[in-house]
Amino acid sequence: MIGNSKRPPAELISPQEAVDLALKFSTTQSAFIAEDIEREYMKQTEGEKSPRWRYGWLLATLYNAGRIQGIREERQRRKPKPLTL
């Protein structure tokens, strides 16, 4: 769960669709961004739990980062444009 939600968000994408879209639309830049997130996550969780646990939470971190990016992009798109005279 993200933030103070009382329930998890509805899953609107299947694992197969996520992979298909990633193979179609991923770029070198998106790979570098994911690598930066991974590096920061591993630094902040050094010494915690098992490698399997860290890997699972790393995947959750990347998934949530993509979700939040999409939400912020949509909010920005819907934000009223300032009036120009």
Chemist: Going from CG on Leu59 to OH on Tyr41, what distance comes out if it is rounded to the nearest 0.5 angstrom?
Modeler: 9.0 Å
Chemist: Hey, are Glu35 and Arg39 close enough for a salt bridge, meaning a charged N less than 4.0 Å from a carboxylate O?
Modeler: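 Here Glu35 pairs with Arg39 in a salt bridge, since their nearest N and O are under 4.0 Å apart.
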Chemist: Just wondering, are more than 12 heavy atoms of other shown residues or ligands nearer than 6.0 Å to OH in Tyr55?
Modeler: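 No - once you tally the heavy atoms of other residues, nucleotides and ligands closer than 6.0 Å, there are 12 at most.
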Chemist: Does atom CH2 (Trp53) have a neighbourhood of more than 12 heavy atoms from anything else shown, all under 6.0 Å?
Modeler: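 More than 12 heavy atoms, drawn from other residues, nucleotides or ligands, come within 6.0 Å of this atom.
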Chemist: Can you measure from CD (Glu11) to CZ (Arg67) and round to the nearest 0.5 angstrom?
Modeler: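 The CZ atom of Arg67 is 8.0 Å from CD of Glu11, to the nearest 0.5 Å.
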Chemist: Under the salt bridge (Lys or Arg N to Asp or Glu O under 4.0 Å) rule, collect the residues that match up with Lys43, sequence neighbours excluded.
Modeler: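 Salt bridge (Lys or Arg N to Asp or Glu O under 4.0 Å) list for Lys43, sorted by chain: Glu40.
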Chemist: Would you confirm whether Ser30, through its side chain, and Ser26, through its main-chain N or O, come within 3.5 Å as a donor-acceptor pair?
Modeler: no
Chemist: Is it possible for you to say whether Ile68 and Tyr63 belong to one hydrophobic cluster, with membership spreading through side-chain heavy-atom contacts below 4.5 Å?
Modeler: no
Chemist: Counting neighbours of CD on Glu46 that are heavy atoms of other residues, nucleotides or ligands and sit closer than 6.0 Å, is the number greater than 12?
Modeler: no
Chemist: Around Glu48, counting heavy atoms of other residues, nucleotides and ligands shown, do more than 12 lie under 6.0 Å from its CD?
Modeler: yes
Chemist: First locate atom CZ of Arg54, then atom CD of Glu38, and finally report the distance between them rounded to the nearest 0.5 Å.
Modeler: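 Here the interatomic distance stands at 9.0 Å.
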Chemist: Hey, what do you get for CD1 (Ile71) to CD (Gln76), rounding to the nearest 0.5 Å?
Modeler: 14.5 Å
Chemist: Taking the side chain as C-beta and beyond, is there a heavy-atom pair between Ile13 and Leu21 under 4.5 Å?
Modeler: yes
